[in-house]
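Below is one structure, written out as structure tokens; comments come after it.
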Number of protein chains: 2
Amino acid sequence: MSDKIDVLLVDDHAVVRAGYKTYLSLSNKIGDIYEADKGETACQLYTQYQPNIVVMDLSMPGIGGFESIRRLIARDPNCKILVFSIHNELVYVTRAIKAGAKGYITKNSVPETLVAAVCQIAAGGSYVEPELAQQLAFNIASEKDESEQIKQLSPREFDVFCLLARGYTTRKAAEKLCLSYKTVCNHGTSIKEKLGVKSVAEMTLLASRHGIIDNLAH
Amino acid sequence: MSDKIDVLLVDDHAVVRAGYKTYLSLSNKIGDIYEADKGETACQLYTQYQPNIVVMDLSMPGIGGFESIRRLIARDPNCKILVFSIHNELVYVTRAIKAGAKGYITKNSVPETLVAAVCQIAAGGSYVEPELAQQLAFNIASEKDESEQIKQLSPREFDVFCLLARGYTTRKAAEKLCLSYKTVCNHGTSIKEKLGVKSVAEMTLLASRHGIIDNLAH
DNA sequence: ATACTCTCGGGATATTTTCCCTGTTTTTTC
DNA sequence: GAAAAAACAGGGAAAATATCCCGAGAGTAT
């Protein structure tokens with residue numbers, strides 16, 4: 001183990017990890033690079049290799065990105081996590097940071113940005129993509145946004161919200177989150193109350209408006 | 001211009017393109033690699049560089065993947081396009097092929113698969129990821145385009161569909177249509193069956209994809 | 001220490017949906 | 001023009017789901 005920065009890459013797509021690697025290998029400050037394709041594996045590898053930083057995507061099969069962050073933090077409260085996501089919606093940024101991430105950049109970033117963010121965070125700092133940081137600053141000021149409602153959701157509620165809005169049944173969401181059906185049911189009820197909607201379809205629409213659903217490919 | 005295969009990469013994320021490149025550069029059959037971040041640019045670069053094959057993602061800003069395929073084909077009917085997508089749903093595969101793509105693989109594919117597919121298609125063949133091809137084969141009977149499914153709805157069912165997808169509860173839809181609650185319920189069931197969805201949220205997503213709901217204006 | 005909020009779920013009770021079935025009206029089809 | 005096939009509307013019973021109310025434990029802030 002040298003003074004270089006060891007990185008754990010977490011993304012479910014091998015080709016994307018290859019891209020990360022290419023970016024990171026441009027710098028001689030980066031040491032070993034480990035790879036995980038999902039959150040569960042990431043937790044395991046983190047304990048095993050003790051990397052200096054975790055670079056990860058949010059959308060993954062299994063426990064998903066947010067829960068992955070929480071679990072990593074639970075294992076090691078000093079764990080340094082940089083989220084490198086496809087999403088440039090503020091909701092995700094704030095959620096990720098609340099979950100414990102030290103940084104957030106998007107996949108549009110250039111290699112230098114990734115390396116810079118990694119170094120900065122590994123050194124104990126934090127890094128949020130300037131453009132997003134700007135938006136955040138303005139967003140905090142103006143509190144009339146419709147997404148205020150979404151911000152009111154607790155972390156767990158947000159998890160449930162994402163799944164239900166995507167078309168998951170309550171039962172399947174419970175399965176995915178390893179929760180009792182009743183718990184998800186209850187979360188669903190309070191989500192609807194907080195968002196002021198009556199049906200799951202309305203939840204979907206709201207989520208869709210905020211880009212929480214990748215309604216990609218037209 | 002040698003006998004190597006020149007490739008045009010189309011993906012809006014630079015890091016993903018870097019991954020593609022890493023994969024492709026493993027083979028000495030690959031020649032020049034050009035890059036585009038969206039469909040419009042792709043069309044332009046295609047005309048300019050005349051690559052042997054286009055490798056592209058489906059979810060992109062601007063005109064999107066499907067329209068990009070159509071435009072490329074319009075420019076050059078012999079244009080060889082390999083879709084390399086995050087989506088493993090059959091709908092996307094069939095739509096891509098209908099649009100004119102010669103191949104389809106997912107981002108879970110290993111490097112060898114990508115290179116093999118590229119070579120095969122460049123040589124005039126086609127390539128669909130075996131697993132997806134299998135599923136397609138079994139799905140031929142029920143293979144319908146999404147919009148085909150919507151067309152299958154009877155007029156009355158379509159009425160109900162629109163309301164439910166917009167967030168109306170069954171009860172309110174019944175009220176609006178001056179029908180018994182039970183009737184709307186039953187329509188709902190057959191709609192779900194015809195569309196092949198399990199929840200109202202999925203109906204909403206489907207409707208949203210087809211522009212039946214204008215969710216962009218809020 | 002106290003008071004939050006978040007999380008998780010049980011039990012009893014609505015509510016909703018499904019499945020199956022009976023009719024009536026259109027619309028096709030031969 | 002008659003027969004067949006959809007579409008349309010709903011009832012009843014049973015199954016599935018959701019809600020409401022409750023309490024317990026964990027964590028955090030005052």
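Chain letters run A, B, ... following the sequence lines, proteins first and then strands; every chain starts at 1. Since this is a predicted model, take the numbers as computed values, not measurements.
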Might you list the N or O atoms of the protein lying below 3.5 Å from N or O atoms in nucleotides 20-30 of chain D, with each pair's distance?
residue : atom : partner : partner atom : Å
D/dC20  : N4   : A/N186  : OD1          : 3.2

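- Note on B/T170: only backbone sugar-phosphate atoms sit closer than 4.0 angstrom, heavy atoms only; bases stay farther off.
- The CD-C1' distance, from A/E193 to C/dT5, rounds to 15 Å in whole Å.
- As rounded to whole Å, 16 Å separates atom C1' of C/dC6 from atom CZ of A/F158.
- Looking at heavy-atom distances under 4.0 Å, B/T183 makes contact with a base.
- Between the CZ atom of B/F161 and the C1' atom of D/dA7 there is a distance of 18 Å, given to the nearest Å.
- A straight line from CZ of B/R156 to C1' of C/dT27 spans 17 Å, rounded to a whole angstrom.
- Atom CE of A/M203 and atom P of D/dA18 are 11 Å apart (whole Å).
- The shortest distance between the side-chain N/O atoms of B/Y181 and the OP1/OP2 oxygens of C/dT15 is not below 4.0 Å.
- Considering all non-hydrogen atoms of both residues, B/T169 and A/S199 come closest at CG2-CB, 4.5 Å.
- Note on A/H187: a side-chain N or O is less than 4.0 Å away from OP1 or OP2 of C/dC8.
- Side-chain contact annotation: A/Y46 with A/D76, donor-acceptor N/O pair under 3.5 Å present.
- When the side-chain nitrogen and oxygen atoms of A/R171 are compared with OP1 and OP2 of D/dT17, one or more of them lie within a distance under 4.0 Å.
- The nearest heavy atom of DNA chain C to A/K194 and to A/C178 marks one nucleotide each, and the one closer to the 5' end goes with A/K194.
- Minimum atom distance to the side chain of B/S180 is reached by D/dG10, of the listed C/dC6, C/dT17, D/dG10.
- If you check the side chains of B/T106 and B/E129, you find a donor sitting under 3.5 Å from an acceptor.
- The distance between atom CD of A/E157 and atom P of C/dT5, rounded to the nearest whole Å, is 12 Å.
- Atom NZ in A/K172 sits about 16 Å away from atom C1' in D/dT17, given to the nearest Å.
- The aromatic rings of B/Y20 and B/F84 lie tilted to each other, with the angle between the two planes from 30° to 60°.
- Rounded to whole angstrom, the span from the OH atom of B/Y168 across to the C1' atom of C/dT17 amounts to 21 Å.
- Side-chain atoms of A/L9 and A/D11, non-hydrogen and from C-beta on, never get closer than 4.5 Å to each other.
- A/Y23 contributes a side-chain N or O that, together with a main-chain N or O of B/V15, makes up a donor-acceptor pair within less than 3.5 Å.
- The minimum heavy-atom distance linking B/C79 with B/I73 is given by the pair O-CD1, 3.9 Å.
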